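Data first, discussion second: the structure below is written as structure tokens.
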Amino acid sequence: MLKSLFFVSKPLELLGAIEAKKQFNLTDSILVYSCKDNSDKKTIEFLIKNHSNWTEVIFVKHKPYYGLFWVRLIHKLRKENYQYLFTRAFSAAAYFIHNLSYQKHFLLDDGAATIEISREFVENGNLTKRFSLFRGLNKTGKKYALISFIYNVFNIYVEKEVNFVNFFTFYNIEASDKLTVVTNKMQWLKELSKTTSPTIHKEIVYVIGTDVIQCKILSENDYLNTIILIKEYYPTKKICYIPHLNEEDSFIDSIKEHGISVQKNKFTIELDFILNNITPLHIAGTISTALISLKLIYGSQLKVDYFNFDSTKISAKNNENLNGVYDYQNKFINSIKIEY
């Protein structure tokens, strides 16, 4: 049987990779991962060590995404023909999709960005720029032209047309002639969650944080205002805020000042609930992949609410993107309109 190859950079992608291995019954797989030295790396390496078996694991430094290492790696990986290639839709994946021999390529979930990526493919008819090593990073000029030339000497391509796409996703994406979808059934996480006598907190609403401040979608004050209004919506409940990895301690402290408890994750939200033997009954938030993934894991016993941001505080472009996420979330979880 042919090997399969996975290239990931985030815990969510690795969770998708583990699910794909199980769902596709893949026993001979290579994992290549690249990430910053932060909690993401800690989660990825925890999963590699404890919850998945790989034929080979290769770590790639986060930067730079070019150089002799990549030439050597691609020439090494070219010795195999692969059954499946799994990556997320980002520029460094160009090394693998344009230079290896494989039967089928799948995109792993990249959070809520998956919705935007599928919409981009439908609108443009391709994902060529996303899978361009340098254009995908908005890198231009003589330096990158020279690197591309040198790569060509080594028979390594940095860009090709990408006119077909396959998703392995828990999002409900509409398929078409050039877009196919295999639904991630989350079998591994669901089985992992079936622990004995889980702790159930009926009185707690877990509010899931999101990365709108670092992404410059919303200011700290405006996002804090949203969190306070969410707290006020549940006057009889205890509110427990679960921060996003990129939220600053100073902002988290300001949340505490408004009588909201904080529960920081050690790994991902999904894993932390499961590994701590906690079954949530009520989740709230704004835009977060976890709102959907937790609903899929825990099913009808879990109530999930999401709240809108103050659109007057957000740019027209960001509002357009947010409305796309809202439209998708409306299909699966409960929408609550805040009047600002």
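Note: hydrogens, waters and symmetry copies are ignored here, and every other heavy atom, side chains too, is used. All values reported here derive from a predicted model rather than from experimental measurement.
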Note to self: Checking Y326 now: which residues fulfil ring-ring contact (aromatic ring centres under 6.0 Å, His included) with it, not counting sequence neighbours?
What the structure shows: Y306
Next item on the list: Check whether NZ of the Lys or CZ of the Arg K178 lies under 6.0 Å from the centre of the six-membered ring of F164 and within 45 degrees of that ring's axis.
Entry: yes
Check: With T169, which residues qualify under side-chain hydrogen bond (donor to acceptor under 3.5 Å, both in side chains), at least two apart?
Finding: D109
Check: Do the rings of Y234 and F307 sit parallel, tilted or perpendicular, given the 30° and 60° boundaries?
Finding: perpendicular
Check: What residue pairs, at least two apart or across chains, pass salt bridge (Lys or Arg N to Asp or Glu O under 4.0 Å) with a residue in residues 305-334?
Finding: none
Donor-acceptor contacts under 3.5 Å from residues 6-21 side chains, at least two apart:
residue : atom : partner : partner atom : Å
S9      : OG   : E13     : OE1          : 3.4
S9      : OG   : R88     : NH1          : 2.8
K10     : NZ   : D110    : OD1          : 3.2
E13     : OE1  : S9      : N            : 2.6
E13     : OE1  : K10     : N            : 3.3
E13     : OE2  : R88     : NE           : 3.3
E19     : OE1  : Q187    : N            : 3.0
E19     : OE1  : W188    : N            : 2.8
E19     : OE2  : W188    : N            : 3.4
E19     : OE2  : L189    : N            : 2.9
K21     : NZ   : N53     : O            : 2.5

Notebook entry, point to check: Taking only residues two or more places apart in sequence, or in another chain, which ones meet S335 in a side-chain hydrogen bond (donor to acceptor under 3.5 Å, both in side chains)?
Noted result: none
Next item on the list: Enumerate the residue pairs fulfilling ring pair (Phe, Tyr, Trp, His ring centres under 6.0 Å) with a member in residues 207-230, sequence neighbours excluded, ordered by first and then second residue.
Entry: Y223-F251
Item checked: Residues which pass ring-ring contact (aromatic ring centres under 6.0 Å, His included) with Y340, listed by chain and number, not counting sequence neighbours -> none
Next item on the list: Apply side-chain hydrogen bond (donor to acceptor under 3.5 Å, both in side chains) to Y233 and list each qualifying residue two or more places apart in sequence or on a separate chain.
Entry: none
Notebook entry, point to check: In the single-linkage hydrophobic clustering (I, L, V, M, F, W, Y; side-chain heavy atoms under 4.5 Å), do I30 and L107 co-cluster?
Noted result: yes
Next item on the list: List for me each residue that meets salt bridge (Lys or Arg N to Asp or Glu O under 4.0 Å) alongside E116, sequence neighbours excluded, and say none if there are none.
Entry: R119
Next item on the list: Calculate, to the nearest 0.5 Å, the distance between atoms CG and CG belonging to N221 and N225 respectively.
Entry: 8.5 Å
Item checked: Partners meeting ring-ring contact (aromatic ring centres under 6.0 Å, His included) with F59 (sequence neighbours left out) -> Y33
Note to self: Restricting to side-chain hydrogen bond (donor to acceptor under 3.5 Å, both in side chains), what partner residues turn up for N184, sequence neighbours left out?
What the structure shows: none
Notebook entry, point to check: Within the distance-only criterion (no hydrogens, no angle test), does the side chain of Y102 pair as donor or acceptor with the backbone N or O of I97 below 3.5 angstrom?
Noted result: yes
Item checked: Shortest non-hydrogen separation from Y82 to S4 and the atoms involved -> CD2-C, 4.1 Å
Side-chain donor-acceptor pairs under 3.5 Å in residues 66-80, sequence neighbours left out?
residue : atom : partner : partner atom : Å
Y66     : OH   : K143    : NZ           : 3.0
H75     : NE2  : F154    : O            : 3.4
K76     : NZ   : E56     : OE2          : 2.6
R78     : NE   : N99     : O            : 3.1
R78     : NH1  : N155    : O            : 3.2
R78     : NH2  : N99     : OD1          : 3.3
R78     : NH2  : N155    : O            : 2.3
E80     : OE2  : K3      : NZ           : 3.3

